[in-house]
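Take a look at the structure set out below.
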2 protein chains.
Amino acid sequence: MKPTVHDIAKIAGVSLATVDRVLNGRPGVRAVTKGKVEEAIASLGYVRDLAAANLAKSRTYSFVFILPANDNSFMIGLHEEVRGAIARSSADRSDIRIIDVPPFDAEALVMALESVLLDKPAGVAFVALDTPEVRAVTESLKQAGIPMVALVSDLPDSARDHYAGIDNIAAGRTAGSLLGRFLGGPFARDGEATVAVLAGSMLVRDHRERLEGFSAAISEAFPNIYILPVLEGRDDPALAETMISDALRRNRDIAGIYSLGAGNRGMIRAIQKAGVARRPIVIAHELTASTRSALSDGVIDAVLNQDAGHEVRSAIRVLKAKADGLPVIAAQERIRIDIFLKDNLP
Amino acid sequence: MKPTVHDIAKIAGVSLATVDRVLNGRPGVRAVTKGKVEEAIASLGYVRDLAAANLAKSRTYSFVFILPANDNSFMIGLHEEVRGAIARSSADRSDIRIIDVPPFDAEALVMALESVLLDKPAGVAFVALDTPEVRAVTESLKQAGIPMVALVSDLPDSARDHYAGIDNIAAGRTAGSLLGRFLGGPFARDGEATVAVLAGSMLVRDHRERLEGFSAAISEAFPNIYILPVLEGRDDPALAETMISDALRRNRDIAGIYSLGAGNRGMIRAIQKAGVARRPIVIAHELTASTRSALSDGVIDAVLNQDAGHEVRSAIRVLKAKADGLPVIAAQERIRIDIFLKDNLP
DNA sequence: CAATTTTTGAGGTACGTAAATCAGAATTTG
DNA sequence: CAAATTCTGATTTACGTACCTCAAAAATTG
């Protein structure tokens, strides 16, 4: 049988109350006695039964998710996953609340985080924006002992406890590597080719990192591939369509496109309308309804994806572990870059 | 507050004992009364507090993992992951036991499953072998109400409740697609190329399915790629080395290799020793120490991987859910085909 | 050494559910 | 309608931990 507090009391030769005082860090125990109790705990290999403890405390973990009220498929999906978790939350003693903030609005994010500071939840997950003000609030939250997880977009060198999202530099590198190799075929006259990059905004960290990785991988392995100046489509399908259409018209030998943000619907339309003889190799991010069908139809060649559901569930697991002071299983919480070809669509 | 059994009793106008009888399917309740209780449960949206219930029952979930005592890196890793789960098991009220069986020995597997039938655990996970006898035992286990999860290798059309492993046909297709496109570059004179396939054994379902997917993808998209007769290396590095060496010597224009089983260490050595002018494009399975370093060194071009840790944890989650009669989150339990290039190594 | 403070023990209640007992009520049977 | 049977209620204990109170013991102080 698993040892209980009663066993500790017996072995240490003290009363249950004393064991309780030691276990829960309550005052009124001499150092000697404390030592005896701790010795007994160690010798028995006692581990507190969390379920019983939570029951006794009638504890519920209250978590807050701060999400940008963006209207692209990915963010909508992220919202849905959090709502799914909320639906399941009663089963696992958690109580999850969503705070919507305007997208790309650091001030609003800071305000949301400050409001969180007041009702002291057991943990916060938020899609980070990389500004000094946001960093500063995380410090206050850290002071208040509230575990924080950065979701989807990281905030390095801050007080956040964990990042639940993909390695965007690696994602960019992978895209570059795939594009370079895929280009080898139809376009490799003498290995030279021109590729376009469509981003949302260079102000967002994820996009910057993806571009960085992409450029690095291309220049290292495919020196003869030329990358056109980045098109910033603001994650807006209409704008993306115009920009890609223009680019394809101006530069008829574009052999590849890397779309590292949202707004892929527009890009796909532009390619379909362009009607170029040899369609470019296209690599995009996020598996949505439109990228999925474009992949099936052969308009897109590969999709790099981050699984919003995994990110949300991982964030919750990590927050819970942090709230309980337990270690996280690192391998389980690594968010992976899914690579989808039309052959392995789920 | 969450409704409790006391609330149900109050609303339904019955005693706690009756509620308990209804909730736990004990006899001695008239249909009318049962109806009243169920109505109250529905109207309150009551959900049983599993933690409290398990505490009251002082329940522990006992699970059995039946694993082949194979000595390739993947199986060793799988063992380790299960042992890791055992180390963590005290925290989550589970008690996991490993039964080792000789590899590829259906009779031994059947005997192990029969032995499991006796001590009636809360669930069983096993690496399936595809024979009628194994199928038959799963029926007995089903009869006994023991949830079963097929691990790594599936047993379709059997009584197993779940499969915790990758879609091997999709994996094969993906390998074919990648190899075809990667070949485009250096070898695409006129799109013609010869590729070799190294398998463990065509008797194993996973390997058959991978080959099937691979061949299909190649013939559909790359009709000019010729696949040499399959080499069966029995997952043995030494044998694999000889076979690949021989193949490369006999057929100097091998442009690609798909290694869909184990024994990659040998294959890698063979390629390095061959010293062909233009080294073939290589796609292998399972990220191990040797495939990882070969990927870094550029000897292998892509590795398809199944994460043993995820498979084990998923199997446990599913078994627990089945034991509790709870639904599983399908998206969470889909085991993904990881595609690693040297750019996204974890 | 007496007075004070600190430490410890003993005991209880609570969390939400399971499971048991036993008496009493309702129903069915003969 | 009495007897047998089936249902139901009331109450209790237990699971492992948290948290509370009160009294007793031990240590410290003046």
Side-chain angles (χ1 to χ4, degrees), chain A residues 1-41 44-61 90-95 122 323-326, chain B residues 1-41 44-61 90-95 122 323-326:
Chain A
M1 282 309 281
K2 269 183 59 181
T4 73
V5 281
H6 295 85
D7 300 321
I8 300 174
K10 223 174 297 168
I11 299 289
V14 301
S15 78
L16 218 56
T18 304
V19 174
D20 181 67
R21 287 178 187 119
V22 173
L23 276 176
N24 295 293
R26 277 185 261 278
V29 183
R30 259 186 310 168
V32 217
T33 323
K34 197 178 165 194
K36 275 197 295 183
V37 173
E38 277 163 352
E39 210 171 293
I41 290 175
L44 285 171
Y46 168 84
V47 274
R48 166 201 257 108
D49 184 329
L50 242 181
N54 285 341
L55 178 61
K57 280 192 284 205
S58 59
R59 156 170 216 177
T60 55
Y61 301 82
S90 64
D92 56 354
R93 289 202 130 64
S94 61
D95 168 28
D324 291 329
L326 293 169
Chain B
M1 280 310 281
K2 270 183 59 181
T4 74
V5 282
H6 296 85
D7 301 320
I8 300 175
K10 223 175 296 168
I11 298 287
V14 301
S15 78
L16 218 58
T18 304
V19 174
D20 182 66
R21 287 178 188 121
V22 174
L23 276 175
N24 295 292
R26 276 184 262 278
V29 184
R30 259 185 312 168
V32 218
T33 323
K34 196 177 166 196
K36 277 197 293 183
V37 173
E38 276 163 353
E39 210 172 294
I41 290 176
L44 286 171
Y46 168 84
V47 276
R48 161 201 261 111
D49 184 329
L50 244 181
N54 284 342
L55 178 61
K57 280 191 284 205
S58 58
R59 157 171 213 177
T60 54
Y61 301 83
S90 65
D92 57 354
R93 291 201 126 66
S94 62
D95 168 28
D324 290 330
L326 260 43

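Small disclaimer: the values here were computed from a predicted structure and weren't measured. To find a chain, count down the sequence lines: A is the first, B the second, and so on, and within it residues start at 1.
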- Message: Does A:Tyr61 form a side-chain hydrogen bond (donor to acceptor under 3.5 Å, both in side chains) with A:Asn54? I'd like the steps, not just the answer.
- Response: CA-CA 10 Å; A:Tyr61 301 82; A:Asn54 285 341; 3.0 Å; yes
Rounded to whole Å, how long is the line connecting atom [atom1] of [X] with atom [atom2] of [N]?
X       : N      : atom1 : atom2 : answer
A:Tyr46 : D:dA18 : OH    : C1'   : 10 Å
A:Ile41 : D:dT17 : CD1   : P     : 11 Å
A:Lys2  : D:dC15 : NZ    : C1'   : 12 Å
B:Asp92 : D:dG16 : CG    : C1'   : 17 Å
B:Leu44 : C:dG16 : CG    : C1'   : 15 Å
B:Asp20 : D:dT11 : CG    : P     : 17 Å
B:Arg93 : D:dC15 : CZ    : P     : 12 Å
B:Leu55 : D:dT17 : CG    : C1'   : 8 Å

- Ion pair present between A:Lys2 and A:Asp7, side-chain N to carboxylate O less than 4.0 angstrom?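 No, A:Lys2 and A:Asp7 are not salt-bridged.
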- Query: Salt-bridged, B:Arg59 to B:Asp324, with N to O below 4.0 Å?
  - Reply: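 Salt bridge: yes.
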Residue [X], side-chain heavy atoms: nucleotide from [options] that is nearest:
X       : options                : answer
A:Ala53 : C:dT17, D:dA18, C:dG16 : D:dA18
A:Arg48 : D:dT17, D:dG9, C:dA18  : D:dT17
B:Lys57 : D:dA18, D:dT21, C:dA19 : C:dA19
A:Thr4  : D:dA10, C:dT17, D:dG16 : D:dG16
B:Ser58 : C:dG9, C:dT17, D:dC15  : D:dC15
A:Arg30 : C:dA18, D:dA10, C:dT7  : C:dT7
B:Asn24 : D:dT17, C:dA18, C:dG16 : C:dA18
B:Leu23 : C:dG11, C:dA18, C:dG16 : C:dA18
A:Ala56 : C:dT17, C:dG9, D:dA18  : D:dA18
B:His6  : C:dT17, C:dG9, C:dA14  : C:dT17

- What is the nucleic acid contact for B:Asn54, judged by heavy atoms within less than 4.0 Å: base, sugar-phosphate only, or nothing?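 Here B:Asn54 touches no strand at all.
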- Message: Once you apply a heavy-atom cut-off of 4.0 Å, does B:Asp49 come out as touching a base, just sugar-phosphate, or nothing?
- Response: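 It contacts sugar-phosphate atoms only.
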When you measure from the side-chain N and O atoms of [X] to the phosphate of [N], is any distance below 4.0 Å, counting only OP1 and OP2?
X       : N      : value
B:Arg26 : C:dA19 : yes
B:Ser15 : D:dA10 : no
A:Arg21 : C:dT7  : no

- Message: With nearest nucleotide decided by heavy atoms, which residue, A:Ala51 or B:Ala17, maps closer to the 5′ end of DNA chain D?
- Response: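 Result: B:Ala17.
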- Starting at the 5' end of DNA chain C and moving along, which residue's nearest nucleotide shows up first, A:Ala52 or A:Gly28?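 Looking at DNA chain C, the more 5' nearest nucleotide goes with A:Gly28.
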- Query: Should A:Leu16 and A:Asp20 count as side-chain neighbours, where that means a heavy-atom distance under 4.5 Å?
  - Reply: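 Of all side-chain heavy-atom pairs linking A:Asp20 with A:Leu16, none is under 4.5 Å.
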- List the atom of A:Ala51, the atom of B:Ala51, and the distance in Å for their closest heavy-atom pair.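 Scanning both residues, the minimum pair turns out to be CB-CB, 4.0 Å.
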- Task: Drop me the distance from A:Glu38's CD to A:Ile8's CD1, to the nearest 0.5 angstrom.
- Result: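 One gets 10.5 Å once the value is rounded to the nearest 0.5 Å.
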